[in-house]
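Written out below as structure tokens is the structure these notes cover.
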Amino acid sequence: MEHDDLFRLIMLAGIVTVLPIGLYHRLQSQKTREKLDRRQEGLLVLLTLRPLALVRMIGVAAWLINPQWMSWSAVGLPVWIRWCGVGFGVAAAGLLVWVFRALGQNITDTVVTRKNHSLVTSGPYRWVRHPFYLAFALAITADSLVTANWFLAVTGALAFLLIMIRTVREEENLVKRFGDDYRRYQQTTGALVPRLRRSGGQV
């Protein structure tokens with residue numbers, strides 16, 4: 001497929017830029033050495049989400065090394081649509097960095113909160129309750145378009161669906177942890193899309 005070399009360089013540059021930032025914040029959050037009970041995610045999510053994400057990561061890596069390895073699932077997209085994917089990728093990267101800075105050591109990769117977890121409602125959390133998942137959705141859209149690959153699109157969509165299923169349990173835990181503070185936050189803040197109006201009709 002034409003232009004693959006250029007898009008590979010762009011994707012690689014994005015990964016090299018954002019990945020170290022994410023790893024740094026993940027390592028910082030691990031300093032508490034707390035054991036997180038991932039079983040609370042539910043059996044379906046626990047058994048499928050991470051293996052599916054791993055398969056998808058292998059697919060992305062294979063495309064970056066040699067797009068021909070993923071040619072069996074290639075889609076003939078116009079170049080301008082693939083460039084739109086680059087735009088989604090830039091938005092995803094910027095949002096991810098903003099989320100990492102806002103969360104600090106509150107970062108976890110499951111539905112369980114840490115002992116010293118605080119309710120973050122500033123930064124991107126002022127606008128949506130799950131900006132990390134919004135960034136994930138943007139990233140899936142980005143690399144699916146940039147690579148012009150249906151396999152990456154399908155596996156990404158399935159991973160996002162599983163995350164949304166897991167989010168129900170996550171929010172239940174947050175209500176248990178923060179009570180009315182989180183209930184009020186739910187009422188005034190959209191999950192993935194900002195609310196134009198707050199409860200009571202206030203803008």
Side-chain angles (χ1 to χ4, degrees), residues 3-34 36 38 41 45-46 48-70 73 82-112 114 117 120 122-125 127-128 130-164 166-167 170 192:
H3 307 287
D4 275 347
D5 287 343
L6 175 59
F7 286 119
R8 284 165 66 203
L9 287 173
I10 292 171
M11 270 192 69
L12 191 59
I15 292 170
V16 168
T17 301
V18 176
L19 187 60
I21 298 172
L23 287 174
Y24 169 77
H25 286 281
R26 289 286 187 186
L27 290 173
Q28 289 294 107
S29 70
Q30 296 298 321
K31 286 184 176 180
T32 62
R33 300 187 181 277
E34 289 180 52
L36 301 177
R38 291 180 174 81
E41 295 180 355
V45 174
L46 189 63
T48 57
L49 178 57
R50 289 172 185 82
L52 182 63
L54 178 61
V55 168
R56 191 172 191 280
M57 287 172 58
I58 291 171
V60 171
W63 187 87
L64 286 170
I65 295 169
N66 184 353
Q68 288 302 312
W69 292 353
M70 296 295 292
S73 53
R82 297 180 76 180
W83 277 110
C84 287
V86 174
F88 281 116
V90 171
L95 182 54
L96 273 175
V97 172
W98 196 13
V99 168
F100 283 133
R101 290 178 60 87
L103 279 179
Q105 291 193 349
N106 290 311
I107 296 171
T108 68
D109 63 351
T110 187
V111 298
V112 183
R114 300 184 187 279
H117 199 103
V120 179
S122 59
Y125 289 86
W127 307 103
V128 291
H130 302 289
F132 190 90
Y133 302 152
L134 175 58
F136 182 68
L138 290 171
I140 288 170
T141 304
D143 60 34
S144 298
L145 294 179
V146 169
T147 61
N149 193 283
W150 67 260
F151 175 77
L152 298 182
V154 170
T155 52
L158 289 173
F160 183 71
L161 176 61
L162 289 167
I163 284 176
M164 289 296 96
R166 188 180 74 172
T167 299
E170 182 179 352
L192 295 175

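The shown structure was predicted, so the numbers you read here are calculated from the model rather than taken from an experiment.
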Working for side-chain contact (heavy atoms from CB on, under 4.5 Å), residues Val146 and Ile10: CA-CA 9 Å; Val146 169; Ile10 292 171; 6.0 Å; no

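- Here the side chains of Phe132 and Phe100 are in contact, with some heavy-atom distance below 4.5 Å.
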side-chain contact (heavy atoms from CB on, under 4.5 Å) evaluation trace for Val128 with Leu192: CA-CA 5 Å; Val128 291; Leu192 295 175; 5.5 Å; no

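- Put simply, the side chain of Trp69 does not reach to within 4.5 Å of the side chain of Leu64, judged on heavy atoms.
- The structure places CH2 of Trp127 at 12.0 Å from OG of Ser122, a figure rounded to the nearest 0.5 Å.
- Not counting sequence neighbours, the partners of Arg8 by the side chain to side chain donor-acceptor pair (under 3.5 Å) test are Asp5.
- Of all heavy-atom pairs spanning Ile140 and Arg56, the tightest one is O-NH2, 3.7 Å.
- For the salt bridge (charged side-chain N to carboxylate O under 4.0 Å, His left out) condition, no pair includes a residue of residues 148-163, sequence neighbours left out.
- Residue Phe151 forms a side-chain contact (heavy atoms from CB on, under 4.5 Å) with just one option from Val154, Thr147, Thr155, and that option is Thr155.
- No side-chain heavy atom of Arg50 sits under 4.5 Å from any side-chain heavy atom of Val45.
- Taking the side chain as every heavy atom from C-beta outward, Trp83 and Leu6 approach each other to under 4.5 Å.
- Under the 4.5 Å side-chain criterion, counting only non-hydrogen atoms from C-beta, Met11 is in contact with Trp63.
- Considering OG1 of Thr141 and CZ of Phe136, their distance stands at 10.0 Å, rounded to 0.5 Å.
- Remark: Arg166 CZ to Leu161 CG distance equals 12.5 Å, nearest 0.5 Å.
- In this structure, Leu152 and Val60 have side chains that are in contact, with non-hydrogen atoms separated by less than 4.5 Å.
- Between His130 and Met164, the closest side-chain pair of non-hydrogen atoms is not below 4.5 Å.
- Counting only heavy atoms from C-beta outward, the side chains of Pro131 and Trp98 never approach each other to under 4.5 Å.
- Heavy-atom contacts from other residues, nucleotides or ligands closer than 6.0 Å to CZ of Arg26 number more than 12.
- Within a 6.0 Å radius of CE in Met57, no more than 12 heavy atoms belonging to other residues, nucleotides or ligands are found.
- The structure places NE2 of His25 at 7.0 Å from CZ of Arg101, a figure rounded to the nearest 0.5 Å.
- Within the model, atoms CZ of Phe7 and CG of Leu145 stand 10.0 Å from one another, a figure rounded to the nearest 0.5 Å.
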Chi angles and distances behind the side-chain contact (heavy atoms from CB on, under 4.5 Å) call for Met70, Ile65: CA-CA 10 Å; Met70 296 295 292; Ile65 295 169; over 6 Å; no

Result block: side-chain N/O donor-acceptor pairs under 3.5 angstrom for residues 84-96, not counting sequence neighbours:
none

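- Note that CG of Leu138 and OH of Tyr133 are 15.0 Å apart. Values are rounded to the nearest 0.5 Å.
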